[in-house]
Amino acid sequence: MGIFTSHQLPEPVGDTAPPMDEHPARIADILAHLRQSVNARITHPRRFRMQQLKALEKMLIEREADFVQALADDLGKSATEARFSEIDFVRAEIDYAQRHLAEWMDPVSVKVPVALQPALARIEPRPVGVVLIIGPWNYPMQLVLAPLVAAIAAGNAAVLKPSELAPATSGVLARLLPQYLDARVYAVCEGGVDTSTELLANRWDHIFFTGGAKVAKVIARAAAEHLTPTTLELGGKCPTVVDNHLPATAKRIAYAKFMNSGQTCVAPDYILSLGDTDALVDRLEKAITGFYGREPMAHPDYGRIVSQQHFDRLSALMGHGDVVVGGETDTATLRIAPTVMRNVDLDSPLMTEEIFGPILPVVEVKGFDEALDFIAQRPAPLAAYLMSENPRLQAIFSDRVQAGAIVHNAPMTHLIVPSLPFGGVGDSGMGAYHGRFGFERLSQMRPELSKTTVIDTMNAIYPPYSWAKRKIINKLM
Ligand code: NAD
């Protein structure tokens, strides 16, 4: 288990910090140390939060090349994709938080019922304490650092556990974060299931998990032991209903589907085609060739599958229908060409499990209602997409489909709008973040009421409850 070693432990706050020796620091020691710093309230002032956000931004600017290289090593991500979908994404979150932090932190005054007046009532966002952030491998940097931005903004300490399946990125985070951020309150613990299990045995104030539903249940069970609140950012099968066949339709679907080789939680998982499916498949093929050329597996902008296990799983999925575009695989480089399938077996894993790779099944449906029923019969996805210019269909889709997000005509773009909440519903997760939503998710929105005892305006409501008092109480409340 590769975790922080004790010589990396930060300067103690107070006298009771864990002893420094040559042995790996235990997670419990790291946590105790962080908690001690939080109790000393060092994360609370806005100035500290702003400094840390700035330091995080500095790390992303100065060490961009380290991250770009790590993401290429882990997933074959092109430098452009690494920048905009990971590094710049986090920088945009930081920038947004910096611009809005003062307003987010401001207590909000609320009205007090007449019976309690005069009194002041307000809601004040308070840090919750120490947040554990566990991330997946597909956007291994963005999906631990964007929650970290929320944790910093909310005035919390945090421990990051990046995915062991993206070891290069995990290593860079473990090496660089302590160089830039205040190590008294932020730490990185590297490792796999063992590390996670040890982390989860401890009491946290919030667990922010991004990953699959199976592991989410392990997280939720562990959190229940300590009654720790969780945010669970999960996946699912995002449907894409295609009504129109404008030139942009196939391009937008192919763009969202094949970025990061389909290893994106909000990538279109499958298409429900309402119209001319031959024409749609034709346009998808043209879009793929337009993006990645005739040999996509050799194209520098096209990434690879994360591991042999996922490569084998995805290769096997192609056996559950007809491959009509792509289908080529290369074990040596773990690459799978952008692939479109038709006549797929609806009861096979291709259509019952999240694909999470560059395979796009196209299912023909007879009409819009059949498409809506198809979606309704399956677990709620993280996002549902409709490609249609018909306002009536758009309105019905928004009304009838249950999903983490509804997007018309631009799959996946919703997550780059920092003022929109990002999260799932039902099987695709609970709790949302990004921008203000992340800040509030990791804050306690604490109510505060203040009243004077100099004049007792509450005489009218104290017992005994005479007939006259009952009338007053009923009127006031
Ligand atoms: P995963 O659930 O296998 O692993 C996620 C994290 O959990 C990793 O850090 C891993 O080390 C840890 N983990 C694994 N097994 C564990 C166990 N038994 N106990 C404790 N911790 C454990 O997910 P993954 O394969 O890394 O990522 C893919 C999944 O994540 C997909 O389902 C995808 O849809 C989802 N995802 C969701 C979002 C989102 O924002 N909603 C984003 C990206 C990925």
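Starting from 1, each residue takes its place in the sequence as its number. Start at 1 and go down the list; that is how both ligands and their atoms are numbered.
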Could you check which of Gly211, Gly135, Gly429, Pro136 puts a non-hydrogen atom nearest to atom 8 (C) of ligand 1?
Gly135
Taking non-hydrogen atoms only, is [X] closer than 4.0 angstrom to ligand 1 via side chain, backbone, both or neither?
X	value
Thr195	neither
Leu143	side chain
Lys214	neither
Thr264	neither
Tyr139	neither

Atom 25 (O) of ligand 1: the protein heavy-atom neighbour that sits closest, reported with distance to 0.1 Å:
Trp137 NE1, 2.8 Å
Sub-4.0 Å atoms of ligand 1 with respect to non-hydrogen atoms of Thr210
5 (C), 37 (C), 38 (C), 39 (C), 40 (O), 42 (C), 43 (C)
Are the aromatic ring centres of Tyr433 and Phe208 under 6.0 angstrom apart?
yes
Does even one non-hydrogen atom of Ser163 get within less than 4.0 Å of ligand 1?
yes
Sidechain-backbone polar pair: Ser163 side chain, Leu165 backbone, donor-acceptor under 3.5 Å
yes
For the 3.5 Å polar cut-off, considering only N or O atoms, please tell me whether [X] and ligand 1 meet it.
X	result
Lys161	yes
Leu200	no
His310	no

Under 4.0 Å from atom 4 (O) of ligand 1, can you find at least one protein heavy atom?
no
What is the ring orientation for Tyr186 with Phe48, classed by angle as parallel under 30°, tilted 30 to 60°, or perpendicular over 60°?
parallel
